[in-house]
*Asks:* 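This is the structure I want to talk about, given as structure tokens.
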Amino acid sequence: MWRGLWTLVSRAARGPHSPRPCTRQGSRYPGPGSGATIFALSSGQGRCGIAVIRTSGPASGHALRSLTAPRDLPPARKACLRLLSDPRSGEPLDRALVLWFPGPQSFTGEDCTEFHVHGGPAVVSGVLQALGSVPGLRPAEAGEFTRRAFAHGKLSLTEVEGLADLIHAETEAQRRQALRQLDGELGDLCRGWAETLTKALAHVEAYIDFSEDDNLEEGVLDQADSEVRKLEVALGVHLRDARRGQRLRSGAHVVVAGPPNAGKSSLVNLLSRKPVSIVSPEPGTTRDVLETPVDLAGFPALLSDTAGLREGVGPVEQEGVRRAQKRLEQADLILAVLDATDLASPASCNFLDTVVIPAGAGNPSGNSQRLLLVLNKSDLLPAGCSDPHPDLPSHLLLSCLTGEGLDGLLEALKKELAALCGDPSTGPLLTRSRHQHHLQGCLDALGQYKQARDLALAAEALRVARGHLSRLTGGGGTEEILDIIFRDFCVGK
Ligand SMILES: Nc1nc2c(ncn2[C@@H]2O[C@H](COP(=O)(O)OP(=O)(O)OP(=O)(O)O)[C@@H](O)[C@H]2O)c(=O)[nH]1
Ligand SMILES: [K+]
Ligand SMILES: [Mg+2]
């Protein structure tokens with residue numbers, strides 16, 4: 001019987017509904033070994049020490065031999081010094097290191113070459129023009145190298161996303177998370193889950209096919225049920241973490257708010273280390289929401305400066321207050337700023353009552369929105385007065401003028417952001433809403449499996465669930481999704 005069941009496992013794995021393997025995506029693009037050979041400058045634009053120009057495609061070897069002397073191909077994957085010249089005129093272009101990566105052992109899976117040339121603009125454009133003159137070669141489109149790597153099964157879709165994120169990573173935490181995704185952790189996890197579903201599906205199909213023969217082992221369906229239950233728990237854990245992974249990728253929303261003149265704009269400028277907002281002694285200076293991306297203690301954040309909250313003002317400032325309140329609702333973390341010397345003013349009291357206390361400063365548990373209360377202008381407090389306001393909710397003293405208290409604030413921000421974004425080396429793996437969508441879809445299908453009275457419907461629900469996991473890593477992905485993901489890349493990657 002079990003041999004029969006394992007035949008079913010492999011049949012379920014291949015079955016008519018099973019998604020296509022992820023190795024033949026991007027039908028608009030040339031398949032392995034066919035089509036044009038592409039070339040591009042892969043290092044950054046502009047004058048530099050060394051620039052790297054790559055080619056990928058069947059004419060790569062020919063291109064390398066056309067430009068170099070001696071004309072023989074260097075040993076695979078070994079850097080060799082060669083004189084480069086224009087094949088049309090014989091004009092010398094540079095003395096450069098060249099590398100030959102015969103497919104499939106290359107980044108794209110195709111024959112690839114690399115020219116490490118001196119990074120002057122004339123050298124780079126000379127080599128690019130020389131490559132363009134070789135028959136069968138054309139300039140690469142943005143992301144085309146990576147797209148070819150994906151087409152040849154060198155990278156899964158989630159690894160491609162990891163690579164895009166790594167190229168765009170601006171903070172340490174983003175880099176760690178991107179590297180984990182590039183290493184294939186999310187893909188491995190999904191494949192493991194998909195395998196579990198394949199086994200559960202095999203059990204259900206075995207029951208459909210053999211239950212009447214009476215030679216089926218006891219508990220075949222129970223086994224499928226228990227696999228599905230375990231999977232539901234695992235998916236639930238990751239889905240609960242999904243917001244954190246997305247925050248880590250695109251930045252947590254940190255909103256600086258408080259009454260007029262508390263020093264909100266001063267704090268935004270201090271944290272972003274640039275003059276983002278106008279600072280002035282005049283209350284009501286900031287009107288629009290000013291947003292700036294910052295690296296806060298290693299975590300990415302979108303920092304928003306807002307208008308001071310107060311009542312009884314003119315229509316323009318009123319609109320500013322309305323925008324500030326709207327932005328406050330979207331905050332992951334509120335940085336509430338009060339003037340330490342002005343706590344009794346109506347605007348301060350009102351802000352404490354309507355924003356700080358409801359958000360539960362210092363006691364964020366049970367509330368998804370977190371808040372840090374900062375008492376600014378501590379330099380104006382009488383000397384020797386360490387904390388003049390022990391009765392206030394937990395708070396930090398700061399002077400934007402002298403910088404005193406900034407280290408403590410950064411430490412507190414780091415803790416808050418770590419809680420919001422998760423630990424990039426062990427924590428959340430779902431970095432895009434696309435990931436969340438497919439995991440939720442998988443979970444919903446498992447719910448349908450449990451409710452299905454009919455075994456054929458139960459089997460279909462398992463196939464739907466497995467289809468979601470497979471689309472997450474790139475099997476059966478649509479062209480639109482691929483276009484969106486590859487759009488993030490630059491030419492030459
Ligand atoms: N002494 C002292 N003055 C400060 C400090 N921080 C800000 N100020 C001053 O307080 C005034 C208001 O600062 P802003 O940063 O414009 O305050 P704001 O909260 O953005 O004000 P609005 O945008 O008008 O709501 C300016 O004159 C700043 O120089 C501080 O730590 N100590
Ligand atoms: K001001
Ligand atoms: Mg301001």
Side-chain angles (χ1 to χ4, degrees), residues 253-294 296 301-331 333-356 359 361 371-389 392-393 395-413:
H253 287 270
V254 179
V255 177
V256 181
N261 258 6
K264 302 176 296 298
S265 300
S266 306
L267 180 56
V268 166
N269 293 349
L270 190 64
L271 290 175
S272 59
R273 292 173 229 103
K274 53 182 190 255
V276 176
S277 298
I278 299 173
V279 168
S280 96
E282 190 181 316
T285 304
T286 307
R287 304 282 173 91
D288 283 315
V289 174
L290 288 168
E291 195 176 76
T292 182
V294 289
L296 283 181
L302 271 178
L303 194 60
S304 297
D305 189 10
T306 59
L309 302 173
R310 62 169 167 177
E311 287 163 0
V313 288
V316 179
E317 198 177 336
Q318 228 169 53
E319 174 59 19
V321 169
R322 198 190 61 78
R323 290 179 186 204
Q325 274 159 341
K326 190 149 174 269
R327 183 55 61 103
L328 261 180
E329 287 165 18
Q330 299 160 354
L333 172 64
I334 300 171
L335 211 45
V337 186
L338 285 170
D339 180 337
T341 65
D342 184 43
L343 294 172
S345 72
S348 292
C349 293
N350 193 39
F351 182 68
L352 277 167
D353 289 343
T354 56
V355 177
V356 179
L371 185 142
L372 270 179
L373 177 57
V374 176
L375 304 189
N376 185 35
K377 309 195 188 182
S378 64
D379 55 288
L380 296 179
L381 292 171
C385 150
S386 61
D387 187 353
H389 308 289
L392 276 185
H395 57 270
L396 296 149
L397 283 175
L398 174 75
S399 167
C400 288
L401 192 70
T402 66
E404 188 159 4
L406 182 62
D407 288 346
L409 174 60
L410 284 175
E411 202 48 47
L413 277 170

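Order of listing sets the numbers, starting from 1, for every ligand and every atom in it.
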*Asks:* Compute the shortest N/O to N/O distance between Ser280 and ligand 1 and return yes if it is under 3.5 Å, no if not.
*Replies:* yes

*Asks:* Looking only at side chains, do Asp379 and Thr402 share a donor and an acceptor under 3.5 Å apart?
*Replies:* no

*Asks:* What do you reckon, does Val279 have a nitrogen or oxygen under 3.5 Å from a nitrogen or oxygen of ligand 1?
*Replies:* no

*Asks:* Taking side chain as C-beta onward, heavy atoms only, is Arg323 less than 4.5 Å from Asp288?
*Replies:* yes

*Asks:* With respect to the K ion (ligand 2), please indicate if Thr286 possesses an N, O or S atom at a distance under 3.4 Å.
*Replies:* no

*Asks:* Mark up the atoms of ligand 1 that fall under 4.0 Å of a heavy atom belonging to Gly308, in ascending order.
*Replies:* 25 (O)

*Asks:* Under 4.5 Å between any side-chain heavy atoms of Asn350 and Glu311, yes or no?
*Replies:* yes

*Asks:* Is any N, O or S atom of Thr286 under 2.8 Å away from the Mg ion (ligand 3)?
*Replies:* yes

*Asks:* At their closest point, which heavy atom of Lys264 faces which heavy atom of Val337, and how far apart are they?
*Replies:* CG-CB, 4.1 Å

*Asks:* At a threshold of 2.8 Å, where the distance has to be below it, does the Mg ion (ligand 3) have an N, O or S atom of Ser265 nearby?
*Replies:* yes

*Asks:* Between Thr402 and ligand 1, find which residue part has any heavy-atom pair under 4.0 Å and reply side chain, backbone, both or neither.
*Replies:* neither

*Asks:* Looking only at distances, can you tell me whether any N or O atom of Gly263, backbone or side chain, sits closer than 3.5 Å to an N or O atom of ligand 1?
*Replies:* yes

*Asks:* For Pro283, counting its heavy atoms only, list the atoms of ligand 1 lying under 4.0 Å from any of them.
*Replies:* 24 (O)

*Asks:* Which residue holds the protein heavy atom closest to atom 8 (N) of ligand 1, what is that atom called, and what is the gap in Å?
*Replies:* Lys377 CE, 3.8 Å

*Asks:* Is it the case that the side chain of Ser348 and the backbone of Asp342 share a donor-acceptor pair, with hydrogens and angles ignored and the cut-off at 3.5 Å?
*Replies:* yes

*Asks:* Taking atom 6 (N) of ligand 1 as the point of reference, which of Thr341, Asn376, Leu401, Leu267 owns the nearest heavy atom?
*Replies:* Asn376

*Asks:* Could you tell me whether some N/O pair between Asn261 and ligand 1 is separated by less than 3.5 angstrom?
*Replies:* yes

*Asks:* Nearest protein heavy-atom contact for atom 19 (O) of ligand 1: which residue, which atom, what distance?
*Replies:* Lys264 NZ, 2.7 Å

*Asks:* If you define the side chain from C-beta out and look only at heavy atoms, does anything of Leu397 sit under 4.5 Å from Leu381?
*Replies:* yes

*Asks:* Of the choices Ser378, Gly284, Ala324, Ser266, which has the non-hydrogen atom that lies closest to atom 14 (P) of ligand 1?
*Replies:* Ser266

*Asks:* At less than 4.0 angstrom from any non-hydrogen atom of Leu380, what atoms of ligand 1 do you find?
*Replies:* 1 (N)

*Asks:* Do any nitrogen or oxygen atoms of Cys400 come within less than 3.5 Å of a nitrogen or oxygen of ligand 1?
*Replies:* yes

*Asks:* Can you tell me the protein heavy atom closest to atom 1 (N) of ligand 1 and the distance?
*Replies:* Asp379 OD2, 2.9 Å

*Asks:* If you consider just the N/O/S atoms, which atom of Glu282 is the closest one to the K ion (ligand 2)?
*Replies:* O

*Asks:* Are side-chain heavy atoms of Leu271 and Thr292 found at a separation under 4.5 Å?
*Replies:* no

*Asks:* How about NZ on Lys326, more than 12 heavy atoms from neighbouring residues, nucleotides or ligands closer than 6.0 Å, or not?
*Replies:* no

*Asks:* Which of the atoms of ligand 1 are close to Glu282, meaning less than 4.0 Å from one of its heavy atoms?
*Replies:* 24 (O)

*Asks:* Do Ser304 and Arg327 get their side chains close enough for a donor-acceptor pair, meaning under 3.5 Å?
*Replies:* yes

*Asks:* So which heavy atom on Val254 is nearest to which on Leu296, and how close?
*Replies:* CG2-CD1, 4.4 Å

*Asks:* Do Asn269 and Asp305 have side chains that get closer than 4.5 Å, going by heavy atoms?
*Replies:* no

*Asks:* When you measure from the K ion (ligand 2) to the N, O or S atoms of Ser265, does any of those distances fall below 3.4 Å?
*Replies:* no

*Asks:* Does any non-hydrogen side-chain atom of Val268 lie less than 4.5 Å from one of Thr286?
*Replies:* no

